[in-house]
Amino acid sequence: MKYKAVIFDLDGVICFTDEYHYQAWKILADELDIPFDRTINERLRGVSRMDSLEIILEKYTGPELSAGEKEKLATKKNDIYRKSLENMSPSDLTDEVRETLNSLRDKGLKLAIGSSSKNTRFILKQIGLEDFFDAISDGTNITRSKPDPEVFLKAAEFVDEKPVDCLVIEDAEAGIDAAVAGGFDGAGIGSAAGYKKATYRLDSFKDILKYI
Ligand code: B16
Ligand code: MG
């Protein structure tokens, strides 16, 4: 096999919480009279909560916001988002993802999560994968957001493998950039499928099996 471990991004790869992120940011943006649409939302993929807020505030024209007010806005968005997550269940995991993960495990690969989200463990619990992965690197153990490679470097360290022996699966261009910056091969899926910096293009999750 070409790799010893696979590091999965979470939102947009294992499950689809991206729509919930969009809906929650949209409520906040509307309240602040900020133009916000799905094109701007694409820029938030893989980006941390506070960095996402800064992107949304680029079009804000109201009175200047203090750091504390920005924290409050981010918390408000997260409260709305968490309410949506409460409705998630193991049925939000597709058969294709479940079967592919099991095949990769059967082949002896180490499997890890590399997500910017501070809600990672809650989401994994909701979809019934809380005990599945060998390691979880997420927004709670990093100080720099993708495209910085920190989250993936930590994931590789947690499974005790070198970046060159790990394949990163990502739906965000910022995530593929992070993989490249860390010395990982990166497979792009969804929004990152056609990204030129990706080592592989995944038209479907099960395509991972072609490249390991
Ligand atoms: P949270 P990923 C990312 O997850 C999302 O793509 C991004 O939209 C979000 O802002 C970020 O997590 C932080 O999420 O607010 O839950 O900490 O794609 O890296 O799994
Ligand atoms: Mg993602």
Side-chain angles (χ1 to χ4, degrees), residues 6-29 36-58 70-86 88 92-93 97 111-127 129-130 132-133 135-155 167-179 181-182 184 186-193 195 197-198 202 205 208:
V6 183
I7 302 171
F8 300 88
D9 172 55
L10 181 63
D11 167 41
V13 171
I14 299 288
C15 60
F16 301 93
T17 41
D18 36 3
E19 182 62 23
Y20 299 144
H21 278 296
Y22 173 71
Q23 297 297 346
W25 283 124
K26 181 71 180 150
I27 291 171
L28 203 79
F36 178 63
D37 57 19
R38 288 177 192 276
T39 309
I40 301 170
N41 190 55
E42 276 301 306
R43 292 175 58 204
L44 311 185
R45 278 187 192 278
V47 175
S48 73
R49 196 179 310 160
M50 291 312 288
D51 289 351
S52 298
L53 178 64
E54 289 299 340
I55 291 171
I56 289 166
L57 290 176
E58 285 171 11
K70 288 182 184 177
E71 277 293 342
K72 273 193 192 145
L73 290 172
T75 301
K76 186 171 179 182
K77 179 266 173 176
N78 193 51
D79 290 345
I80 300 167
Y81 175 62
R82 291 273 299 203
K83 279 259 168 278
S84 308
L85 297 181
E86 277 167 20
M88 290 184 85
D92 284 292
L93 191 66
V97 171
L111 306 178
I113 290 285
S115 167
S116 302
S117 176
K118 292 185 172 164
N119 293 299
T120 293
R121 285 175 195 270
F122 182 56
I123 295 167
L124 290 174
K125 183 168 176 286
Q126 291 299 88
I127 60 176
L129 289 181
E130 71 264 51
F132 182 81
F133 292 95
I136 296 171
S137 173
D138 65 18
T140 65
N141 62 254
I142 55 170
T143 54
R144 295 178 303 278
S145 180
K146 300 166 190 176
D148 188 283
E150 185 181 11
V151 73
F152 296 137
L153 291 172
K154 286 264 165 62
L167 175 64
V168 168
I169 317 293
E170 256 294 344
D171 73 309
E173 294 189 359
I176 294 291
D177 289 343
F184 299 85
I189 192 167
S191 290
Y195 189 42
K197 291 194 193 165
L202 303 178
F205 192 85
I208 297 168

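The basis for the numbers below is simple: all heavy atoms, side chains too, and nothing from hydrogens, waters or symmetry mates. Whatever order the structure lists ligands and atoms in, that order sets their numbers, starting from 1. In this chain, residues are counted from 1 in sequence order.
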Item to complete: Using a strict cut-off of 4.0 Å, indicate which atoms of ligand 1 neighbour a heavy atom of L10.
Response: 20 (O)
Item to complete: May I have the step-by-step check of salt bridge (charged side-chain N to carboxylate O under 4.0 Å, His left out) for K146 and D177, ending in yes or no?
Response: CA-CA 8 Å; K146 300 166 190 176; D177 289 343; over 6 Å; no
Worksheet item: Does the shortest distance from the Mg ion (ligand 2) to an N/O/S atom of D9 fall below 2.8 Å?
Response: yes
Practice prompt. Check ligand 1 against Y81 and write out every atom of the ligand that is under 4.0 Å from a heavy-atom position of the residue.
Written response: 16 (O)
Fill in: Donor-acceptor side-chain pairing of N119 and N78 below 3.5 angstrom
yes
Fill in: For atom 15 (O) of ligand 1, the protein heavy atom that lies nearest, with its residue and separation
R49 NE, 2.7 Å
Practice prompt. Test F8 against every option in I113, I189, L167, V168 by the side-chain contact (heavy atoms from CB on, under 4.5 Å) rule and name the one that passes.
Written response: I113
Worksheet item: Quick one: does ligand 1 sit under 4.0 Å from the side chain of V13, the backbone, both or neither, non-hydrogen atoms only?
Response: neither
Worksheet item: Just checking, K154 and F152: is the charged tip under 6.0 Å from the six-membered ring centre and within 45° of the axis?
Response: no
Worksheet item: Where the side chain of D79 meets the backbone of K76, is there a donor-acceptor pair that is under 3.5 Å apart?
Response: no
Discussion item. Using a 4.0 Å cutoff against the non-hydrogen atoms of K118, which atoms of ligand 1 qualify?
Written reply: 1 (P), 16 (O), 17 (O)
Response to the item:
All heavy atoms of G46 vs all of S116, minimum pair found to be O-OG, 2.6 Å
Worksheet item: For atom 4 (O) of ligand 1, what is the nearest protein heavy atom, given as residue, atom name and distance?
Response: D11 CB, 3.5 Å
Worksheet item: Do you see a donor-acceptor pair shorter than 3.5 Å between the side chains of S191 and E173?
Response: no
Practice prompt. Decide whether an N or O pair under 3.5 Å exists between R45 and ligand 1.
Written response: no
Worksheet item: Looking at R38 and E19, does any basic side-chain N land under 4.0 Å from a carboxylate oxygen?
Response: yes
Worksheet item: Below 4.5 Å, heavy atoms only, C-beta onward: do N41 and D18 meet side chain to side chain?
Response: no
Practice prompt. Among all protein heavy atoms, pick the one closest to atom 8 (O) of ligand 1 and tell me residue, atom and distance.
Written response: L44 O, 3.1 Å
Discussion item. Please confirm whether G139 approaches ligand 1 to less than 4.0 Å, judged on its heavy atoms.
Written reply: no
Worksheet item: What residue and atom, counting heavy atoms only, is the protein's closest point to atom 18 (O) of ligand 1, and at what distance?
Response: D9 OD1, 2.9 Å
Worksheet item: Does a side chain donor of either D11 or T17 reach within less than 3.5 Å of an acceptor in the other side chain?
Response: yes
Practice prompt. Can you sort out which atoms of ligand 1 are near V47, meaning under 4.0 Å from one of its heavy atoms?
Written response: 7 (C), 9 (C), 10 (O), 11 (C), 13 (C)
Worksheet item: What atoms in ligand 1 come closer than 4.0 Å to a heavy atom of S115?
Response: 2 (P), 4 (O), 19 (O), 20 (O)
Fill in: Proximal atoms of ligand 1 relative to N119 (non-hydrogen, under 4.0 Å)
1 (P), 16 (O)
Worksheet entry | Three-point angle D171:OD1, the Mg ion (ligand 2), D11:O, rounded to the nearest 10° | 90°
Discussion item. For the backbone of E54 and the side chain of D51, can you confirm whether one donor and one acceptor N or O come within less than 3.5 Å of each other?
Written reply: no
Practice prompt. Measure from the Mg ion (ligand 2) to each N, O or S atom of D18 and report whether any distance is below 2.8 Å.
Written response: no
Practice prompt. Work out whether the distance between some heavy atom of E170 and some atom of ligand 1 is less than 4.0 Å.
Written response: no
Worksheet item: Which atom names give the shortest non-hydrogen contact between S115 and T120, and what distance separates them?
Response: OG-OG1, 3.3 Å
Item to complete: Work out whether the distance between some heavy atom of S52 and some atom of ligand 1 is less than 4.0 Å.
Response: yes
Item to complete: Can you sort out which atoms of ligand 1 are near K146, meaning under 4.0 Å from one of its heavy atoms?
Response: 19 (O)
Worksheet item: Do any nitrogen or oxygen atoms of G46 lie less than 3.5 angstrom from nitrogen or oxygen atoms of ligand 1?
Response: yes
